[in-house]
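For reference, the structure is listed below as C-alpha cells.
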Amino acid sequence: MRVVVTGGAGFLGSHLCDRLVESGVEVICVDNFFTGTRRNVAHLMGHLNFELIRHDITFPLYLEADRIFNLACPASPVQYQFDPVQTTKTSVHGSINMLGLAKRVKARILQASTSEVYGDPEQHPQTESYWGRVNPIGIRSCYDEGKRCAETLFFDYHRQHGLGIKVVRIFNTYGPRMHLDDGRVVSNFIVQALRGQDLTIYGDGNQTRSFCYVEDTVEAILRMMDTESGFLGPVNIGNPDEFTILELAQAILRITGSKSKIVFAPLPQDDPRQRQPDIALAERKLDWSPKVGLEEGLGKTISYFRTLLA
Ligand code: NAD
Ligand code: UDP
Ligand code: UDP
C-alpha cells in the first residue's frame with residue numbers, strides 16, 4: 001500500500017504521516033513548505049517507508065499511489081491571507097491535480113475540508129446538512145470558498161468519473177507542531193503566556209470555538225479513509241466542547257501559571273461568532289468520538305511549546 005499525504009510536513013499532516021508510517025504502509029509526503037517544515041517530519045527521514053517530496057500541488061504531479069490524503073493548504077487566517085490567490089489556487093488547482101492523479105491511478109482520495117465551509121453560521125451546532133453562510137468577497141473567502149469549491153470538485157469527480165472520494169470537515173484542531181507564529185489562537189495564546197507577553201483577544205472574547213486535540217482528529221481522518229466505499233461524507237470532525245475565546249485565554253493562563261495580562265484588539269472582518277460541530281454522523285459512521293479534553297490537550301501542547309522556546 002502506497003499513500004500520498006499532501007501538506008504532510010504541516011501540523012496535521014505530520015501527525016498523519018507518523019500514524020501511517022507506524023502502520024507499515026509506504027508514505028510519500030508532498031509539501032512546498034509554505035507553512036510546513038522539514039523539522040515536523042525530521043524523525044521520519046531515515047525511515048525506509050517514508051519519502052519527502054518538495055512540490056507545490058498547484059502544478060501537476062505524476063506518481064503511483066493507492067490512497068491520497070489531500071491536506072495541502074495553509075490553515076491559519078494569517079497564513080492563508082498572506083497570498084490569497086495562491087490559497088485559492090491550492091484548494092482549486094491543487095485539488096484538480098490531485099483528483100486527476102487519483103483518477104489516473106484509481107486511488108481513493110480524501111479531502112481535508114473545514115468548518116469554514118459553514119462561514120458565520122446561523123445554525124448551531126453545525127450539522128453536515130447545513131449549507132453555510134459564507135461571504136464570497138471577504139478576506140476569509142480565499143480559504144472558505146476555495147475549500148467549498150474543492151468539495152464540489154471532489155463530488156463531481158465522484159459523479160462524473162466514479163472516483164472513490166472521502167470528505168472530512170475538520171473543526172479547530174490544536175496540538176504539538178503547530179507553527180510558533182502561525183497566528184492561530186491556541187498557539188498565539190500559549191506562546192504569549194510562556195513569553196510573559198499580553199494575550200491578544202480579538203473582539204470581546206465572547207465568540208466561541210470548539211477545540212479538538214490533534215490525536216483525536218488524526219484518528220478520525222484515518223477511520224474515514226477506511227470506511228466502506230459508499231460513504232463519502234462530508235463528515236464533521238471536531239470536539240463538541242465549546243468555549244469562548246476569553247475562557248480559552250483564562251485556561252491557558254491558569255495552566256501555564258503565567259502572569260501575562262489579557263488585552264483586547266479589534267475583531268477581524270467576518271470572524272465567525274460561534275462554532276460547534278454536531279458529530280453524530282462521525283460517531284455513527286466512524287465509531288469515533290474525541291477522547292482528549294481541553295485541559296489535557298492544552299497541557300501537552302504547552303509542554304511542546306515550552307521545549308521549543310527553551
Ligand atoms: P498547516 O499550515 O500546518 O499545514 C498545511 C501544509 O500544507 C503545510 O505543510 C504547507 O507547507 C502545505 N502547503 C500549503 N500549500 C501547499 C501547496 N500549494 N502545495 C503543497 N503543499 C502546500 O495547517 P494544518 O492545520 O496542518 O492543516 C492541514 C489541512 O487541514 C489544511 O488543508 C487545512 O485547511 C485543514 N484544516 C485544519 C484545521 C485545523 O484546525 N488545524 C481545521 C480545518 C481544516
Ligand atoms: N494530473 C496530475 N497527475 C496525474 C494525472 C493528472 O497532476 O497523474 C493533473 C493534470 O495536470 C490535469 C489534472 O490533473 O490537468 C486533471 O486531470 P483530469 O484527468 O481530470 O483532466 P484533464 O487531464 O482532462 O485536464
Ligand atoms: N483570536 C484571538 N487572538 C489571537 C488569535 C485569534 O482572539 O491571537 C480569535 C480569532 O479572532 C477567532 C478565534 O480566536 O475568533 C479563533 O481564531 P483562529 O485563527 O485560531 O481560527 P478560526 O478563526 O479560523 O477558527
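For this chain, numbers begin at 1 and follow the sequence in order. Start at 1 and go down the list; that is how both ligands and their atoms are numbered.
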Next on the checklist: Measuring from atom CD1 of Ile279 to atom SG of Cys212, what distance do you get when rounded to the nearest 0.5 angstrom?
Outcome noted: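 So the CD1 of Ile279 and the SG of Cys212 are separated by 8.0 Å.
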
Item to check | Enumerated ligand 2 atoms positioned under 4.0 Å from heavy atoms of Pro60 | outcome: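 Result: 7 (O), 11 (O).
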
Item to check | Sub-4.0 Å atoms of ligand 2 with respect to non-hydrogen atoms of Ile96 | outcome: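 With Ile96 as reference, the close atoms of ligand 2 come out as 13 (C), 14 (O), 16 (C).
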
Item to check | NZ/NE/NH1/NH2 to OD/OE distance under 4.0 Å, Arg148 and Glu151 | outcome: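 The answer is no: the pair does not qualify as a salt bridge.
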
Checklist entry - So, are Arg133 and Asp120 salt-bridged, with charged N and O less than 4.0 Å apart? => result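 Result for this pair is yes, salt bridge flagged.
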
Item to check | Exercise check, heavy-atom protein proximity under 4.0 Å to atom 23 (O) of ligand 2 | outcome: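 Flag for atom 23 (O) of ligand 2 set to false, no protein heavy atom closer than 4.0 Å.
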
Short list, please: which atoms of ligand 3 are under 4.0 Å from a heavy atom of [X]?
| X | value |
| --- | --- |
| Arg184 | 19 (O), 20 (O) |
| Arg140 | 22 (P), 23 (O), 24 (O) |
| Gly183 | 5 (C) |

Residue and atom name of the nearest protein heavy atom (relative to [atom]), distance in Å to one decimal:
| atom | value |
| --- | --- |
| atom 20 (O) of ligand 2 | Tyr157 OH, 2.5 Å |
| atom 4 (C) of ligand 2 | Tyr62 CE2, 3.3 Å |
| atom 7 (O) of ligand 3 | Tyr202 N, 2.8 Å |
| atom 17 (O) of ligand 2 | Gly100 CA, 3.3 Å |
| atom 12 (C) of ligand 2 | Asn97 OD1, 4.2 Å |
| atom 8 (O) of ligand 2 | Arg104 NE, 2.6 Å |

Next on the checklist: On a heavy-atom basis, I'd like to know which of His55, Met98, Glu64, Lys103 is closest to atom 19 (O) of ligand 2.
Outcome noted: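 Result: the heavy atom closest to atom 19 (O) of ligand 2 is in Lys103.
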
Checklist entry - Any idea which of Val185, Leu267, Thr208 brings a heavy atom closest to atom 14 (O) of ligand 3? => result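 When every heavy atom of Val185, Leu267, Thr208 is considered, Val185 comes closest to atom 14 (O) of ligand 3.
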
Checklist entry - What part of Leu61, side chain, backbone, both or neither, has a heavy atom within less than 4.0 angstrom of ligand 2? => result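 Answer for Leu61: backbone.
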
Checklist entry - Looking at Thr58, Thr6, Asn70, Ile57, which hits side chain to side chain contact (heavy atoms under 4.5 Å, CB included) with Ser95? => result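 Testing Ser95 for a side chain to side chain contact (heavy atoms under 4.5 Å, CB included) against Thr58, Thr6, Asn70, Ile57 leaves exactly one candidate, Asn70.
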
Item to check | Region of Thr200 that comes within reach of ligand 3 [heavy atoms, distance under 4.0 Å] | outcome: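 The part of Thr200 near ligand 3 is both the backbone and the side chain.
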
Item to check | Proximity of Asn172 to ligand 3 by residue part, where a heavy atom lies under 4.0 Å | outcome: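 Just the side chain.
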
